[in-house]
2 protein chains.
Amino acid sequence: MVSTAHCDTCSLHPLCLPLGLSENDLSKLEKIIRRGRPIQKGEHLFRQGEPFQGIFAVRTGTLKTYTLTNDGEEQITGFHLASELIGLSNFDSDIYNSSAKALETTNVCEIPLDRLDELAGELPALRRHLLRTMGKEIRGDQQMMLLLSKKSAEERIGSFLLNLASRFKRRGFSDKTFRLSMSRADMANYLGLAVETVSRVFTRFQKQGLIDITGNAKEIAIIDQQSLWDLAALSESERSELNLINIEQR
Amino acid sequence: MVSTAHCDTCSLHPLCLPLGLSENDLSKLEKIIRRGRPIQKGEHLFRQGEPFQGIFAVRTGTLKTYTLTNDGEEQITGFHLASELIGLSNFDSDIYNSSAKALETTNVCEIPLDRLDELAGELPALRRHLLRTMGKEIRGDQQMMLLLSKKSAEERIGSFLLNLASRFKRRGFSDKTFRLSMSRADMANYLGLAVETVSRVFTRFQKQGLIDITGNAKEIAIIDQQSLWDLAALSESERSELNLINIEQR
DNA sequence: CGTAGACTTGACGCCTCTCAACGTTAGTGG
DNA sequence: CCACTAACGTTGAGAGGCGTCAAGTCTACG
């Protein structure tokens, strides 16, 4: 049920944790990595409050991570595709402070915490990669803060779709056609919108010929990527053209 | 102009980077830390795009960090008090991807990147502390995402004030009376609100007897901390009491 | 084939933004 | 020491985007 990994033959090698490691270092890393059984859709990889034992790398599938607010509501903190690391935000605690749930059948590699710590001392490349990855996550979260605090519903959803597209592209998939493994409710939660708003913006985008959504509302095709880019990045300034004075004052 | 540090006599010792280091380890850390001249209000510690040479610990004063959006607008990513580390989100890059500006006269300790990397290999405690600190930052950002995506203006400002209060308390200052070193515009920017909204909420809080603001609008006194807590954490559920059905569906 | 959950669509109202004007503070130079 | 001014902060009026509520449609699964 649990087997050691073979990073050298894994197709995610160039994106994942082993990035930048020598062959010798890599074999050390492989020894501590464990692969468990697949996680089914809806199953938890870990739950908020459980002891923090290790971080995970997604091999196939998609997960969402989320925390619970004081009111018991769910706040989604991220969607995680193949090769992405989960659990990095837990280093300051001995329990998981978020939950991770599979959005479809998913395989992960587990990297036990204690072994990782030792290895980080031995391998400078691994250590730097860890810090880099966490730095990237902080920057991503800050981009998200920007999105949530300054962008309109259309800009948020446009950015979200383009972000997904570019992540799929990096993984060798099409950035024009892909499957949205999360529900509308999950998107809305993540983007700080109401489900109804997400739905409305999707249909608006479709009417404008920016995207195309097939039958089950899961498959999406990006038709006019350029317009989406313009909309996601620049409609703030478009709006600003109407009140230049106000902008210049800031 | 540049002198080495003396962490052992620094009052921030128990909060800052040296946390958990032995005396021997500490002296190694001290050797690489540099103190420069004070930074005046409005001056930059570093600017977005400059080469990433090191991280900083705040000794006295306050800084804000911010990034520039596509439109050239400023997005504030955080306010930093004494003992807090700045620059951690840059590990994946060779340039600073944000700017840091002093909100008042400020002193910092600089930790050069290359030396820090070496030392992180030698000292497991330092290594773990770094990871922990970054983990904490990620969690903080995720709390911020929650605030921005789900909370009302009153909740945001209430949370913000309580957050500041608790950080002051940890540093041995009063959590009842303190100085807001940032402008209303900075607060508004950080919290994703308009300046006018911030101003209005402040006066509303004052009328309700929650806070008191003296003359220059910088000094604030927390009068009714409990009510602020209730408001910041629970007004979501207060509002929910009016439409219970909807909550239960989620 | 039927039901539950996911998604869509429409009507309505409120919170917050925008715009505009005014008051206040701090820093400058006469 | 005071007048002047620019930056900062406050207050009010109006408008619009998005959330809420409600009802209907579609899809998946037993």
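Every chain is numbered from 1 and lettered A, B, ... according to where its sequence line falls, protein lines coming before strand lines. As the structure is a computational prediction, the values presented were derived from the model and not from experiment.
In this structure, CE on Met187(A) lies 5.5 Å from CZ on Phe160(A), to the nearest 0.5 angstrom.
Identified under the salt bridge (Lys or Arg N to Asp or Glu O under 4.0 Å) test for residues 44-61 of chain A, with sequence neighbours left out: none. Applying the salt bridge (Lys or Arg N to Asp or Glu O under 4.0 Å) test to every pair with at least one member in residues 172-190 of chain A, sequence neighbours left out, gives these pairs: Lys64(A)-Asp186(A), Glu104(A)-Arg179(A), Lys169(A)-Asp175(A). Identified under the salt bridge (Lys or Arg N to Asp or Glu O under 4.0 Å) test for residues 197-214 of chain A, with sequence neighbours left out: Glu154(A)-Arg204(A). Pairs of residues two or more places apart, or lying in two chains, that qualify as side chain to side chain donor-acceptor pair (under 3.5 Å) and include a residue from residues 134-144 of chain A are Arg139(A)-Asp92(B).
Under 4.0 angstrom from either OP1 or OP2 of dA26(C) there lies at least one side-chain N or O belonging to Asn216(B).
Of all the residues in residues 199-209 of chain B, Ser199(B), Arg200(B), Thr203(B) reach under 4.0 Å from DNA chain D with at least one non-hydrogen atom.
Residues forming a side-chain contact (heavy atoms from CB on, under 4.5 Å) with Thr105(A) (at least two apart in sequence, or on another chain): Pro38(A), Gln40(A). Annotation: salt bridge (Lys or Arg N to Asp or Glu O under 4.0 Å) contacts of Glu43(B) (sequence neighbours excluded): Arg37(B). The salt bridge (Lys or Arg N to Asp or Glu O under 4.0 Å) search around Arg171(B) returns Glu84(B), not counting sequence neighbours. Remark: Asp224(B) engages no residue in a salt bridge (Lys or Arg N to Asp or Glu O under 4.0 Å) (not counting sequence neighbours). Remark: Phe46(A) engages Phe56(A), Tyr96(A) in a ring-ring contact (aromatic ring centres under 6.0 Å, His included) (not counting sequence neighbours).
Here dT8(C) is the nucleotide among dC17(C), dT8(C), dC18(D) with the atom lying nearest to any side-chain atom of Val195(A).
Rounded to whole Å, the distance from NZ on Lys151(B) to C1' on dC18(D) is 20 Å. A straight line from CG of Leu180(B) to P of dC8(D) spans 15 Å, rounded to a whole angstrom. One can place CG of Leu191(A) at 15 Å from C1' of dG19(D), the figure rounded to the nearest angstrom. Regarding Leu148(B), its CG atom lies at a distance of 14 Å from the C1' atom of dT16(C), rounded to whole Å. As a whole-Å value, the separation of Asn189(A) CG from dG19(D) C1' is 15 Å. Taking atom CD of Glu155(A) as the reference point, atom P of dC17(C) lies 14 Å away to the nearest angstrom.
An end-to-end axis angle of 40° holds for the helix from dC1(C)-dG30(D) to dG30(C)-dC1(D), taken from five base pairs per end and rounded to 10°.
Between the side chain of Glu196(B) and the base of dC17(C) there is no donor-acceptor pair of N/O atoms closer than 3.5 Å.
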Between the protein and nucleotides 3-6 of chain C, list the N/O to N/O atom pairs that are separated by less than 3.5 angstrom.
none

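By the neighbour-count criterion of 12 heavy atoms within 6.0 Å, atom CZ of Phe168(A) is densely surrounded, having more than that number from other residues, nucleotides or ligands.
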